Amino acid sequence: MSNGAPPGQAGRGPFDVAVLGGGVIGLAAAWRFALAGVTVAVVDPSPGHGASWVAAGMLAPVTEAHFGEEPLSELLLAGAAHWEDFAAELEAAADMRVGYRRCGTVVVGLDSSDRRAIDDVLAYQRSLGLDAVRLSASECRGLEPALSPGIRGGAHVPGDHQVDNRALLAALLEACRRAGVEFLARSARRILLDARGGASGAELDDESAVAAGMLVVAAGARSGSLLGHVGGSVPQVRPVKGHIVRLRGGPRAPLLSRTVRGLVQGRACYLVPRSDGSLVIGATSEERGFDGSVQVGQVFALLDDARRLVPGLDELAFEEAICGFRPATPDNAPYVGWTTTERLAVATGHYRNGILLAPITAAALVALYAGAAPPSPMGHFGAERGSHLALGARGALGEP
Ligand code: GLY
């Protein structure tokens, strides 16, 4: 069988690399592989969708730094450092804009206990050397006049930016096509192993198979179903549902000029303004498995919290309410590296930071393929740690 398919199974390839999953991680990796001269196929029935499509596109190494996650925080900062060049190269390659905006973020608390909670996080972030400055309520409103007069203050985080995730996905798809990436519009069902137990390809849902010298599982929250068939030590990934609401506004008088992240009586929410005047509001964080229903109560609560921070959003037009599944792991950090199965790598579990970490993850995978070390500190986030972890406190409850 020259193409690695089991007897009686039509085969495609062999490719140097097959990437199972065409979200932001899979597409960024496929594009970078193709640029490196590697033949690559992306297996996904609907590339450019999934959690990457639902996301808000925040690039937030500082405001996603949580207590006890210092190594992850270091990775987020390293990931952010890749973004400027990545966006410029991608825009040139695809001849499309990705809406990368170095807009910064303002964090606000609605009441005094929200304000205290923000102060605690701020002290932690500053202890890590992160750039965040405490602001009074009037200083917050000086930066963003649409904020409610009722807010109690917050912080300015100049280094947390954004990209238009949907423009990014469109550009990645185009750049992949131009670079010669092959798209197989199927779902991967299971990893195929050769007689020596190494990965040789994947079986697809049309009974065909794709053969490749390296398999990369980048299937987000659904990675577990592929890895579960392989045996050995495999990373644990579970879905954490998030609702997002999109509102349409006018480009001439945008409500906000930078991302606003708020605490509203202990509940987190964010409002991400696009340059066309639209607003992306997120996000819930729910442990409900793969329940894909968009629930009225969650959408209502999200909008209610957001309008308590920015009352003027009542004037915007409703566009969309949607939900997706973050690929969460027991320690909230991704798995990027080789598994114990030969030729099988993973790039999954990016949880709340998939868009931010896509460029550094792609660079790490290309390095692995070449037998080189991944960019620092990605080497600490290999697949092998997955089997040793028990569900951590935050992971078990699923609440950031
Ligand atoms: N990165 C934001 C979220 O996961 O909601």
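As the structure is a computational prediction, the values presented were derived from the model and not from experiment. All residue numbers refer to positions in the sequence shown, counting from 1. Ligands are counted one by one from 1 in listed order, and the atoms in each one are counted from 1 as well. What you see below is based on every heavy atom in this structure, not just the backbone, and it leaves out hydrogens, waters and symmetry mates.
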(message) Using a 4.0 Å cut-off to any heavy atom of Ala283, which atoms of ligand 1 qualify?
(response) 5 (O)
(request) Give yes or no for whether the N/O distance cutoff of 3.5 Å, strictly under, is met between Asn353 and ligand 1. (result) no
(request) Would you please indicate if the ring centroids of Phe290 and Phe325 are separated by under 6.0 Å? (result) yes
(request) Please determine if Asp111 and Arg115 form a salt bridge, counting it only when a charged side-chain N lies under 4.0 Å from a carboxylate O. (result) no
(request) Kindly assign one of parallel, tilted or perpendicular to the pair Phe86 and Trp31, based on the angle between their ring planes and the thresholds 30° and 60°. (result) perpendicular
(request) Heavy-atom contacts with Glu64 under 4.0 Å: which atoms of ligand 1 show up? List them by number with element. (result) 1 (N), 2 (C)
(message) Please determine whether a side-chain nitrogen of the Lys or Arg among Asp205 and Arg189 lies less than 4.0 Å from a carboxylate oxygen of the Asp or Glu.
(response) no
(message) Below the 3.5 angstrom mark, is there an N/O of Arg352, backbone or side chain, next to an N/O of ligand 1?
(response) yes
(request) First locate atom CZ of Arg190, then atom CG of Leu204, and finally report the distance between them rounded to the nearest 0.5 Å. (result) 11.0 Å
(request) Provide, to 0.1 Å, the distance between atom 4 (O) of ligand 1 and the closest protein heavy atom, together with that atom's residue and name. (result) Arg326 NE, 2.7 Å
(message) Using a 4.0 Å cut-off to any heavy atom of Met58, which atoms of ligand 1 qualify?
(response) 2 (C)
(request) Determine whether the side chain, the backbone, both or neither of Tyr270 has a heavy atom under 4.0 Å from any heavy atom of ligand 1. (result) side chain
(message) Show the nearest heavy-atom pair for residues Leu90 and Ala171, with the distance to one decimal.
(response) CD1-O, 3.8 Å
